[in-house]
Q: 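For reference, the structure I am asking about is given below.
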Amino acid sequence: MLLAVLISNSEGNILTERFNGVPAEERSHWRCFLVKLGADNLKGARNEELFVASHKSVYVVYTMIGDVYLYVVGKDEYDELALAEVIFIITTSIRDVCQKPPTERLFLDKYGRICLCLDEIVWKVVLENTEKERINRLISLKPPTPV
């Protein structure tokens, strides 16, 4: 089960998050835990270097892409190896949408397309699409929504 995908800036502000099967009262705890984990370990890390944490049966894989921190949380069949694949697909999609490792500003400028990518990659609690070309084709089929 893929529990969460969370993206923050280097100061710990949440840019986007997707929780699946996590009760609302526990989400705040997860946000604080993940942001602290990134603050402690990602300063000075190389771009897209993977870090792994686990507690009981829950795994966290996290990385930095540009100025943005990305966290993926899973349990059961989504161990650290499966989460590494998920995070690779997400970082590749973000890089493709932004056309380079994103700054926070570039990430927010491309926010809509990044969210569409996340929706195509992770559906409910499972990894759905892993092929870059398929994800790009699916997000290009989505009509822009009026604001």
Side-chain angles (χ1 to χ4, degrees), residues 1-132 135-136 138-139 142 144-145 147:
M1 172 182 258
L2 198 54
L3 295 175
V5 175
L6 188 133
I7 302 174
S8 73
N9 64 9
S10 57
E11 288 83 40
N13 299 316
I14 309 299
L15 301 176
T16 188
E17 63 184 19
R18 301 281 197 282
F19 285 102
N20 302 301
V22 177
E25 58 273 2
E26 290 181 21
R27 292 178 185 183
S28 174
H29 167 72
W30 275 106
R31 284 183 201 105
C32 293
F33 170 73
L34 294 172
V35 166
K36 181 166 178 12
L37 195 65
D40 292 345
N41 298 311
L42 290 174
K43 295 289 185 202
R46 290 187 322 243
N47 204 28
E48 298 185 42
E49 178 181 5
L50 295 182
F51 292 83
V52 178
S54 66
H55 178 66
K56 297 184 181 174
S57 64
V58 177
Y59 299 95
V60 180
V61 176
Y62 55 107
T63 191
M64 175 178 66
I65 176 171
D67 295 338
V68 175
Y69 294 175
L70 171 62
Y71 309 86
V72 181
V73 182
K75 69 177 188 177
D76 300 332
E77 70 274 10
Y78 285 95
D79 61 1
E80 61 269 23
L81 295 175
L83 293 177
E85 181 181 350
V86 173
I87 214 164
F88 175 75
I89 297 159
I90 293 172
T91 57
T92 302
S93 295
I94 290 172
R95 205 177 329 101
D96 286 350
V97 168
C98 295
Q99 298 172 345
K100 61 182 178 179
T103 61
E104 181 182 356
R105 179 182 176 97
L106 182 57
F107 182 91
L108 293 173
D109 286 344
K110 304 289 184 173
Y111 183 79
R113 298 215 35 105
I114 291 170
C115 287
L116 284 174
C117 286
L118 287 176
D119 291 342
E120 294 302 331
I121 295 167
V122 178
W123 187 75
K124 303 244 181 202
V125 296
V126 296
L127 177 64
E128 184 172 354
N129 291 305
T130 60
E131 299 171 13
K132 182 170 81 170
I135 294 166
N136 288 334
L138 288 170
I139 65 170
K142 306 283 184 186
T145 57
V147 177

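Given the structure is predicted, the values throughout are model-derived calculations rather than measurements. We're numbering straight along the sequence, starting at 1.
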Q: Using the rule given for side chain to side chain contact (heavy atoms under 4.5 Å, CB included), can you reason through Phe107 versus Thr16, listing the C-alpha separation, both sets of side-chain angles and the distance that settles it, and then say yes or no?
A: CA-CA 10 Å; Phe107 182 91; Thr16 188; 4.1 Å; yes
Q: Is a side-chain N or O of Asp79 found less than 3.5 angstrom from the main chain of Ala82, in a donor-acceptor match?
A: yes
Q: Return the OH to CD1 distance between Tyr71 and Ile7, rounded to the nearest 0.5 Å.
A: 10.5 Å
Q: At what distance, to the nearest 0.5 angstrom, does CZ of Arg27 lie from CD1 of Ile14?
A: 13.0 Å
Q: For residues Leu3 and Val22, report the shortest heavy-atom separation together with the two atoms involved.
A: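 For Leu3 versus Val22, the nearest heavy atoms are O-CG2, 3.8 Å.
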Q: Please give me the minimum heavy-atom distance between Glu17 and Leu6, naming the atom from each residue.
A: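 That closest heavy-atom pairing would be OE1-CD1, 3.8 Å.
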Q: Search all heavy atoms of Cys117 against all heavy atoms of Val97 and return the closest pair with its distance.
A: SG-CG2, 3.7 Å
Q: For residues 41-57, which residue pairs qualify under side chain to side chain donor-acceptor pair (under 3.5 Å), counting only residues two or more places apart or in two chains?
A: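 Sorted result for residues 41-57: Asn41-Tyr62, Glu48-Arg95.
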Q: Might you work through the side chain to side chain contact (heavy atoms under 4.5 Å, CB included) test for Lys110 and Gln99, ending with a clear yes or no?
A: CA-CA 10 Å; Lys110 304 289 184 173; Gln99 298 172 345; 5.7 Å; no
Q: About how many Å separate CD1 of Ile65 and NZ of Lys100, when rounded to the nearest 0.5 Å?
A: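 Going from the NZ atom of Lys100 to the CD1 atom of Ile65 covers 12.5 Å.
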Q: Which pair of non-hydrogen atoms, one from Leu83 and one from Tyr59, has the smallest distance, and what is that distance?
A: CD1-O, 3.4 Å
Q: Taking the side chain as everything from C-beta on, heavy atoms only, tell me whether Asp67 gets closer than 4.5 Å to Ser10.
A: no
Q: Using a 6.0 Å cut-off, check whether atom CZ of Phe51 has over 12 heavy atoms from anything other than its own residue.
A: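 More than 12 heavy atoms, drawn from other residues, nucleotides or ligands, come within 6.0 Å of this atom.
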Q: Is it true that Asp119 and Arg18 have a side-chain N and a carboxylate O under 4.0 angstrom from each other?
A: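 The answer is yes: the pair qualifies as a salt bridge.
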Q: Partners of Lys36 by side-chain hydrogen bond (donor to acceptor under 3.5 Å, both in side chains), sequence neighbours excluded?
A: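 side-chain hydrogen bond (donor to acceptor under 3.5 Å, both in side chains) check on Lys36 returns Asp40.
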Q: Measuring from Ile94:CD1 to Leu106:CG, what's the distance to the nearest 0.5 Å?
A: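 Reported to 0.5 Å precision, the distance equals 10.5 Å.
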Q: What distance do Ile90 atom CD1 and Thr92 atom OG1 have between them, rounded to the nearest 0.5 Å?
A: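 If I round to the nearest 0.5 Å, the distance is 10.0 Å.
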Q: Please determine whether side chain to side chain contact (heavy atoms under 4.5 Å, CB included) holds for the pair Val60 and Phe33, giving the CA-CA distance in whole Å, both sets of side-chain angles, and the decisive distance to 0.1 Å.
A: CA-CA 11 Å; Val60 180; Phe33 170 73; 4.3 Å; yes
Q: Between Tyr69 and Gly38, which heavy-atom pair has the shortest distance, and what is it?
A: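 So the minimum-distance heavy-atom pair works out to CE1-O, 4.1 Å.
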Q: Starting at CD1 of Ile114, measure out to OG of Ser93 and round the result to the nearest 0.5 Å.
A: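 With rounding to 0.5 Å, CD1 (Ile114) is 9.5 Å from OG (Ser93).
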Q: Pick one: which of Leu15, Val61, Thr63 meets side chain to side chain contact (heavy atoms under 4.5 Å, CB included) with Leu70?
A: Thr63
